[in-house]
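One structure below.
Both backbone and side-chain heavy atoms feed into the values below; hydrogens, waters and symmetry mates do not. Atoms within each ligand, like the ligands themselves, are counted from 1 in listed order. The structure displayed is predicted, hence computed values, not measured ones.
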Amino acid sequence: MGAALPTRDLAAWIMAQRPPRPTALDPFKPQAFFLEEPEAGSGRSVSSAAILLTNKECPWRCLMCDLWKNTTTQTVPPGAIPRQIEHALSQFPSRPEQIKLYNSGSFFDPAAIPPADYPAIARLVGFARRVVVESHPRLVGEKALRFRDLLSGSLEVAMGLETVHPRVLPRLNKKFDLTHFSRAAAFLRGHGISVRAFVLVKPPFLDEAEGVEWAVKSAAFALSCGATVVSLIPTRPGNGALEQLMASGQFSPPRLSSLEKALQFALELPGDGRIFADTWNLEQFSHCPACLEKRRKRLHAMNLAQQFVPAVNCQACGEA
Ligand code: SF4
Ligand SMILES: [Zn+2]
């Protein structure tokens with residue numbers, strides 16, 4: 001591991017690497033909304049949609065995070081979040097069984113999602129059998145129970161575990177340790193709320209093989225904490241800090257084949273937790289146009305079937 005990262009005031013260094021903030025965002029419009037590929041459920045597939053909400057920036061400054069680009073510097077006005085959801089729902093051709101309300105931060109951060117808006121939000125998504133929100137483990141608590149009680153369907157909370165690597169996790173500046181994660185997961189499960197975990201494939205400071213190995217170890221830890229879904233996220237540059245680490249040789253994005261391997265090995269873990277690979281924007285991890293689409297299809301097929309699908313053997317790049 002290199003030593004270019006400052007050991008003190010890492011947040012200030014991360015902030016200093018940022019490219020300019022995009023121009024002001026409309027607080028009444030979501031960042032994006034879309035129907036997703038059906039998600040494997042317990043025994044059958046589930047229709048799913050995501051609404052990416054516009055709200056105040058997350059208070060943490062994680063090393064690999066560029067989600068601040070989709071956020072505002074001030075709390076959005078009361079009623080703005082329900083308006084965003086209404087806007088998205090009015091354009092969906094159908095009502096999915098599962099809806100993700102992802103907010104580039106923590107749903108339970110009151111500066112991001114005003115708690116006074118919870119009842120209106122819950123009413124709007126009353127059609128969904130499951131609502132998924134995201135949260136930093138340290139913000140999991142009473143607000144989750146309040147929101148759960150307002151929903152017609154069930155609640156799932158997605159938390160970024162990122163990695164269990166003992167030297168990498170502290171350097172991501174997440175400001176939590178594995179005990180925070182396991183306690184938050186136990187709290188949620190103890191109150192009838194499902195747990196989903198985000199795990200990074202090849203965070204900074206790891207080589208390709210370690211990136212796969214630690215993604216699988218991290219998925220195993222999440223499952224041992226009772227997560228019913230683990231989402232494997234290939235680490236993407238874009239926030240300035242990762243570009244600096246690329247320049248100093250401490251980070252490179254994972255190869256597409258590494259994401260495939262991480263999914264394949266994580267699917268072999270014991271238990272009935274579901275494992276998904278994040279397939280958004282896969283082009284940036286591909287080095288070979290000849291096999292990109294085949295690899296994308298393979299990942300989609302493994303996500304849906306939750307089992308091994310034969311590997312792509314590409315004659316053009318020679319990668320399996
Ligand atoms: S807690 Fe999540 S949203 Fe906030 S900075 Fe870290 S990775 Fe980004
Ligand atoms: Zn190829």
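Rounded to 10°, the angle formed at the Zn ion (ligand 2) by SG of Cys317 and SG of Cys288 is 110°. Between the SG atom of Cys314 and the SG atom of Cys291, the angle taken at the Zn ion (ligand 2) works out to 110° after rounding to 10°.
Open room surrounds NZ on Lys175; 12 or fewer heavy atoms of other groups in view lie less than 6.0 Å from it.
Interatomic distance, CZ of Phe276 versus CZ of Arg196, reported as 6.0 Å (0.5 Å rounding).
Pairs passing the side chain to side chain donor-acceptor pair (under 3.5 Å) check and including a residue from residues 210-223, sequence neighbours excluded, read Glu213-Lys217.
The only member of Glu39, Arg129, Glu156 that meets side chain to side chain donor-acceptor pair (under 3.5 Å) when paired with Gln98 is Glu39.
In this structure, a donor-acceptor pair under 3.5 Å is present between the side chains of Ser258 and Glu208.
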Verdict with reasoning, Arg83 to Glu86, per side-chain contact (heavy atoms from CB on, under 4.5 Å): CA-CA 5 Å; Arg83 285 260 298 275; Glu86 236 167 359; 4.3 Å; yes

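Listed by chain and number, Cys62 SG are the protein N/O/S atoms closer than 2.8 Å to atom 6 (Fe) of ligand 1, with waters left out.
Of all atoms in ligand 1, listed by their number and element, those nearer than 4.0 Å to a heavy atom of Ser104 are 3 (S).
Of the possible polar contacts, one joining the Asn303 side chain to the Ala277 backbone as a donor-acceptor pair under 3.5 Å is found.
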